[in-house]
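In what follows, a single structure is set out as structure tokens and then discussed.
In the text below, chain A, chain B and the rest are named by the order of the sequence lines, each starting its count at 1. Everything quoted here is computed from the prediction, not taken from an experiment. Note that these values count all heavy atoms, side chains included, but never hydrogens, waters or copies made by symmetry.
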Amino acid sequence: MADESTVTALPAKENFSEWYNDVLWRAEIMDVRYPVKGLYVWYPHGFSLRRSTYAILRELMDREHEETLFPLLIPEDQFMKEAEHIKGFEEEVYWVTHGGLTPLDVKLALRPTSETAIYPMYALWVRSHADLPLKLYQIVNTFRYETKHTRPLIRLREITSFKEAHTVHATWEEAKEQVETAISLYSEFYDRICVPIIFSKRPDWDKFPGADYTMAADAIMPDGRTLQVGTCHHLGDNFSKTFDLSYEDENGERKLAHQTCYGISERCIAAMISIHGDDKGLVLPPEVAPVQVVIVPIIMKKNAETVIAAAKELEKEIKAAGLRVKIDARELRPGAKYYHWEMRGVPLRIEIGQRDIDGGTVMAVDRYGVKTAVKRAEAVAGIKSLLEAFKAEMKARAMTKAVSQINTASTIEEAKAAVEKGVAVVQWCGYKECADAIEQGLDVSVLGSEVRSEHIADKEGRCIICGKPAKPAIVARTY
RNA sequence: GGGGUAGUAGGGUAGCCUGGUCCAUCCUAGAGCGUUUGGGACGCUUUGACGGCGGUUCAAAUCCGCCCUACCCCA
């Protein structure tokens with residue numbers, strides 16, 4: 001389908017941009033050749049990765065949310081109700097203006113996000129305090145007319161995998177608690193896919209249009225730029241005012257509800273691919289890898305049947321244990337198969353040949369190249385524990401890398417050096433003038449304050465610009 | 001937002017300046033046959049492309065215009 005050249009290597013990961021583009025099609029994640037800018041095609045292999053990754057998200061959300069599905073089209077009058085919100089999106093909305101040849105009386109927006117689709121319905125659904133809290137989520141596509149460079153999985157005109165949750169609460173405090181819950185759910189999600197993230201509170205001018213405040217998760221990419229991979233918004237009663245979303249409390253009084261919304265898109269997969277991948281291709285956490293174990297039979301002409309039979313028997317056992325396993329019995333040299341599956345990020349390869357059959361073992365090789373001989377009789381248990389260990393190793397490597405990319409800076413010069421590697425931690429007073437001064441000429445953004453990271457100490461100091469009392473903020477070049 | 005460069009088989013390229021020798025080069029991939037197989041095998045046979053529309057010309061991959069797309073640089 002997208003058979004990678006068997007001779008040419010991937011561009012080295014140091015050339016991150018080239019590496020990223022190449023690995024996406026060679027590992028059969030996305031095909032970028034669809035003839036509309038900013039829209040890309042998921043290969044089945046990529047889609048399978050998406051599906052297992054989103055299965056984790058669903059599992060986490062399902063603990064206390066219900067899944068739902070709202071329409072893609074939003075009538076113009078409804079979309080235009082919330083002033084702040086419109087201002088934030090007006091430049092990037094796609095409009096449906098015709099039904100066939102007939103102009104529509106009311107234009108229809110392709111959702112850039114679903115607040116204005118969902119909240120009018122919420123207003124109908126919520127009548128009393130007994131209906132609260134309401135916590136729903138959906139996984140949908142959204143559209144934004146991006147004008148800057150589009151990139152597969154990172155900057156899209158059609159986001160194909162937007163998991164958005166929308167909650168309604170009685171009080172502002174309860175909504176705040178929900179934002180904290182969202183943060184912990186997302187932290188758990190990124191921990192499961194071994195991607196270190198940093199949560200911080202976005203500056204006021206960067207919050208979601210219509211929100212009281214926004215907490216966002218950033219991952220650090222290999223080139224040191226950060227990718228925003230999740231957002232949690234406290235909407236206060238801003239939208240409930242607009243959409244008349246109110247409830248009757250215990251005393252029979254009508255009160256405005258308070259809301260939150262939080263989302264994650266396929267950028268989570270971009271981060272996972274980018275942070276773990278290496279010069280040979282993808283490295284995937286076992287839990288989400290489309291193929292978790294590949295069996296490569298070492299076939300000689302004379303013993304082909306014996307070896308294939310042994311491989312099939314092993315496959316049956318591994319499959320029965322609930323793992324995604326595949327035999328590669330193609331007419332290729334074994335080495336070619338190793339490269340093939342390494343490109344696709346298979347965590348564990350099992351080699352089985354005459355030597356193994358005779359010795360009652362199989363050879364297991366993980367994606368980092370670590371070889372372990374496993375007794376054939378204990379193959380399944382051995383494989384499971386190797387996959388566990390592999391996941392732990394992935395997490396450890398990603399964490400070590402992330403820590404090396406986070407550096408504290410007490411002067412602008414130090415900040416300049418720090419953002420070359422990744423995130424600079426600086427003291428910032430919270431005022432826009434000082435943020436502007438930090439950003440000026442550095443091609444960086446002040447991502448946020450109230451930083452949540454075990455690697456960033458929450459100690460007060462003096463603003464790096466004005467010297468007033470300040471707290472740590474994170475600064476980086478961004479995607 | 002401004003500027004630049006480029007679009008040739010599935011992927012990567014030569015040819016373009018100086019129109020004809022191009023029913024288009026090479027590598028890779030795909031198909032077929034045979035020999036191979038513990039880290040990217042080899043031989044033979046074979047399939048497959050000038051981004052789109054228009055113009056100039058006896059003749060266009062090549063020159064001109066517009067459109068679409070991609071990449072790079074600057075703000």
Query raised in the report: Out of B:rG38, B:rG11, B:rG39, which nucleotide sits closest to the side chain of A:R33?
Result: B:rG11
**Report entry** Value in whole Å for how far the P atom of B:rA75 lies from CG of A:D443
**Finding:** 9 Å
Query raised in the report: In whole angstrom, what separates A:D22's CG from B:rA29's P?
Result: 16 Å
Requested in this report: For A:H340 and B:rG30, give me the distance from atom NE2 to atom P, rounded to whole Å.
Outcome: 11 Å
Query raised in the report: Salt-bridged, A:D77 to A:K81, with N to O below 4.0 Å?
Result: no
Requested in this report: Determine the interatomic distance between C1' on B:rC50 and the same-named atom on B:rU46; round to the nearest Å.
Outcome: 22 Å
Query raised in the report: Checking all strands, does A:R349 fall into the base, sugar-phosphate, or nothing category for heavy-atom contacts under 4.0 angstrom?
Result: base
Query raised in the report: Ignoring hydrogens and angles, does a donor from either the side chain of A:E342 or the base of B:rG39 sit under 3.5 Å from an acceptor on the other?
Result: yes
Query raised in the report: For A:E378, which residues count as a side chain to side chain contact (heavy atoms under 4.5 Å, CB included) partner, sequence neighbours excluded?
Result: A:K375
Requested in this report: Quickly work out the A:L332 CG to B:rC42 P distance and round it to whole Å.
Outcome: 12 Å
Report summary line: Atom NZ of A:K37 and atom P of B:rA70 are separated, to the nearest Å, by 5 Å
Requested in this report: Identify which nucleotide among B:rU69, B:rG40, B:rG38 has an atom closest to any side-chain atom of A:M363, counting heavy atoms from C-beta outward.
Outcome: B:rG38
Query raised in the report: In residues 290-302 of chain A, which residues come under 4.0 Å of RNA chain B by heavy atom?
Result: A:I298, A:I299, A:K301
Query raised in the report: OP1 or OP2 of B:rG38 sitting under 4.0 Å from any side-chain N/O of A:R333?
Result: yes
Query raised in the report: So, A:Y40 and A:T150: side-chain donor and acceptor under 3.5 Å apart, yes or no?
Result: yes
**Report entry** Partner residues of A:K87 under the salt bridge (charged side-chain N to carboxylate O under 4.0 Å, His left out) criterion, sequence neighbours left out
**Finding:** A:E84
Query raised in the report: Expressed as a whole number of Å, how far does the P atom of B:rU47 sit from that of B:rG52?
Result: 23 Å
Report summary line: Pairing string of RNA chain B (Watson-Crick or G-U wobble, both atom distances under 3.5 Å; | = paired to other strand) is (((((((..(((.......[.....)))(((((((.....)))))))...(((((..]....)))))))))))).
**Report entry** Atom pair distance, as rounded to whole Å: CD in A:E92 and P in B:rG1
**Finding:** 12 Å
Query raised in the report: Nearest of B:rA41, B:rA70, B:rG39 to any side-chain atom of A:Y338?
Result: B:rG39
Report task. To the nearest Å, give me how far apart CD1 (A:I357) and C1' (B:rG38) are. Result -> 13 Å
Requested in this report: Sequence neighbours left out, what passes salt bridge (charged side-chain N to carboxylate O under 4.0 Å, His left out) with A:E450? Give chain and number order.
Outcome: A:K201
Name every donor-acceptor pair, under 3.5 Å, that has one atom in a side chain of residues 281-289 of chain A and the other anywhere in the protein, sequence neighbours excluded.
residue, atom, partner, partner atom, Å
A:E287, OE1, A:R192, NE, 3.1
A:E287, OE2, A:R192, NE, 3.2
A:E287, OE2, A:R192, NH2, 2.8

Query raised in the report: Which residue pairs pass the salt bridge (Lys or Arg N to Asp or Glu O under 4.0 Å) test when at least one of the two sits in residues 297-306 of chain A, sequence neighbours left out?
Result: none
Requested in this report: Could I get the full list of side-chain hydrogen bond (donor to acceptor under 3.5 Å, both in side chains) partners for A:E92, not counting sequence neighbours?
Outcome: none
Requested in this report: Not counting sequence neighbours, which residues clear salt bridge (charged side-chain N to carboxylate O under 4.0 Å, His left out) with A:R477? List them please.
Outcome: none
